[in-house]
Structures are given as structure tokens and as C-alpha cells.
Amino acid sequence: MSTRPGKNVPAENPSDPTAERAPMTIPRVAEMKANGEPIVMVTAYDFPSAQVVEEAGVDIVLVGDTAAMVVLGHDATTPVGMDEMVMLTQAVRRGLETPLLIGDMPFGSYESSNEQAIANAQRFVKEARVDAVKLERGGASVDRARAIVRSGIPVMGHVGLTPQTATALGGFKAQGRTAETAAKLAEDTLALQSVGCFAVVFEAIPASVAEALMERIEVPIIGIGAGPATDGQVLVFHDMLGMYQGHQPRFVRRYAEVRDEMLKGVSAYAADVRSRSFPDEKHSYSISPEELAEFKRYLEEESLAGTDTPWDW
Ligand code: KIV
């Protein structure tokens, strides 16, 4: 799906994030699995975060429906709709050149029918120029995934803890912790693979279950709370950088404390405005002394207060 021109040069050293890199493709993701190269995936929701993940050299960027929580302030992922997701994805697209871009199909955008699923996947491609879409769950979603793949749009599956149906799963809880539920996970993954999903996300499942499954699955598996055996890892941008104050799942490792820095910055600005130490000369514009003197003469000569309005209606 990637039709962007430009940097189509293989990186000499794929682990050097500053090296010139070829745009990521779906065959390349499969090749990374085959070569045992870890696949780095992260979410992004706007232009500046897209620029950051581009520069950091990640392989796959997901505009996740977690935007509902970490960007829009909802307490679940379900309220976000296609219009919001497309707008966020367009912003990410503008900041991204190299990684594979995936649009996350929000709750209510694909469940009703294959036609609905294809139409909304096409919106992501046409309006936000994604390379692929992601949808949640096995079961009925397998049929939707098949339909989207047949329409020519690559699909990533997502099993385990599927936040769009967290209520039905008993809350935001790890899944596959019994032999029976782990077997269901295996069946869903194999079904998604069989209808042509190019990769599948495993969310919040025991590391040992993921490890046991890895031997049986041909497509790349990207884990989030699924242990180290998966082919790649994904984290939510706002979680890993310490930007989100809501619940932090056990699987999040924080690599920065950006919210603390933002709070420090805005508080310092507020203090400077209140003490009148901002703006100073360095942040102000100047006028020549002659022009200023003339302007002041004008102010003295013309009584501006109470003059008639200059326009004549
Ligand atoms: O919406 C999202 O951010 C996701 C990731 C957690 C995989 O689905």
C-alpha cells in the first residue's frame, strides 16, 4: 500500500536510527520475523509525535483507538469514531515517511457487516493514506478481516485483551490464563492468519502462553504485555513517555517523564507572567527611537479617546 517515493534505500545498519532507511513494507515485516529481527511498533496520534517516532526509527506506527483515552480523555476506547480516527491519522501521516502506518478500526466501524468494514477501511486508505488497518478479536471479526483483505487492504489482527470488548471480558484483565481460554486465543490467531492477516497483536496474555503459541504461528506477532517471545513489541506513546495520568497497565515500562516536564514548563511560564519577568527584551520587537518619538507626538496631538468611529456606516 506504500506508494510514497523517496528514501527507497536499504539502511546499511538497520539498528542505527539515524541511517537512511527504506520505507517499511509488509513483506519487510515478514522478513524481519524470518530473520529474528525484533519489530518495533508504537502508537502516535498527532504530527509532532509522528515526527518523533519517525526520527527514533520505529518500524510500525499505529494510530490506536487508545486515542479515545490518552488524547481525548474518555475512560474507554469505545467512544471514539471514524471521523476522529481519520483526522488523527491524517496528522500522523503528515509527520511520517518511513514506518508502516496502521489505522485502528474503532468500535462500531466494522462489526455490522463486511460492507461496513470495507467502507471504513477504505476511508483510512483514501483519506489518511494508511498502509494497513487493525481490528480487534477473533470470532465474527475473522470474517470482517477476510473481507477487508480481499478488498486489497492489509489487516493486522488483535487478540487477548481487546479493549473495545473489555466489559464482556470482565474488565481490563489479562486473558488466556486458563487452558481453555488460551486454546481460544490460539484458535482466533490461527483463524486471523488463515484469512490473510499479515500480523497479529497479542495483548495482556501470559508470557508462557505467547511463547508456546509462537512456534505454531507463521505471521509476525506483536506483543503488548505478552512477554519477550513475540516477534515485536508495541507500547502506547503516552504511557511509555509518562504523559498519561490514568491507569498504567502492568506491561508499561516508562522511558521518560514527559508530563512532569510539561508541568514544570507551564508552571514556570505562569510564574513568569505573574511576576512580569516574561516577556523580556529578548522576546519583544523593537522600533527605532525616531519612529517611536513620532508615534508619541501623534498620540499627544490627536485625542484618540472619544473620536468618532473611523468607518462610516
Ligand atoms: O489502540 C491501541 O493503542 C492498541 C495497542 C495497544 C495495540 O490497540
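Just so it is clear, the structure is predicted and the values come from calculations on it, not from any experiment. Counting starts at 1 for both ligands and their atoms, in listed order.
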query: Members other than F172 in its cluster, when Ile, Leu, Val, Met, Phe, Trp, Tyr link by side-chain heavy atoms under 4.5 Å?
result: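 Members alongside F172: L161, L169.
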
Side-chain hydrophobic cluster, 4.5 Å single linkage: members besides V273:
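Y269, F278, all in the cluster of V273.
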
Q) Could E37 and R28 be called an ion pair, given the rule that one side-chain N must be under 4.0 Å from one carboxylate O? A)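 Yes, this pair counts.
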
* Any Lys/Arg nitrogen of E261 or K264 sitting under 4.0 Å from an Asp/Glu carboxylate oxygen of the other? ->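 Yes, E261 and K264 are salt-bridged.
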
List ligand 1 atoms under 4.0 Å from [X], heavy atoms only on the residue side.
{"X": "D104", "value": "1 (O), 2 (C), 8 (O)"}
{"X": "G64", "value": "1 (O), 2 (C), 3 (O)"}
{"X": "T43", "value": "3 (O)"}
{"X": "H158", "value": "8 (O)"}

Please tell me whether Q175 and T181 have a donor and an acceptor in their side chains that are separated by less than 3.5 angstrom. no

*Hey, is the main chain of E111 close enough, under 3.5 Å, to the side chain of Q116 for a donor-acceptor pair?*
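Judged by distance alone, yes, a pair lies under 3.5 Å.
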
Problem set entry | From CA spacing to verdict: side chain to side chain donor-acceptor pair (under 3.5 Å), E54, T98 | CA-CA 7 Å; E54 168 78 40; T98 317; 2.4 Å; yes

What protein heavy atom lies closest to [atom]? Include the residue and the distance to one decimal.
{"atom": "atom 8 (O) of ligand 1", "value": "K134 NZ, 3.0 Å"}
{"atom": "atom 3 (O) of ligand 1", "value": "T66 OG1, 2.5 Å"}
{"atom": "atom 4 (C) of ligand 1", "value": "L62 CD2, 3.5 Å"}
{"atom": "atom 6 (C) of ligand 1", "value": "I224 CD1, 3.6 Å"}

Problem set entry | Heavy atom of E136, distance to ligand 1 below 4.0 Å |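 Flag not set, E136 not near ligand 1.
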
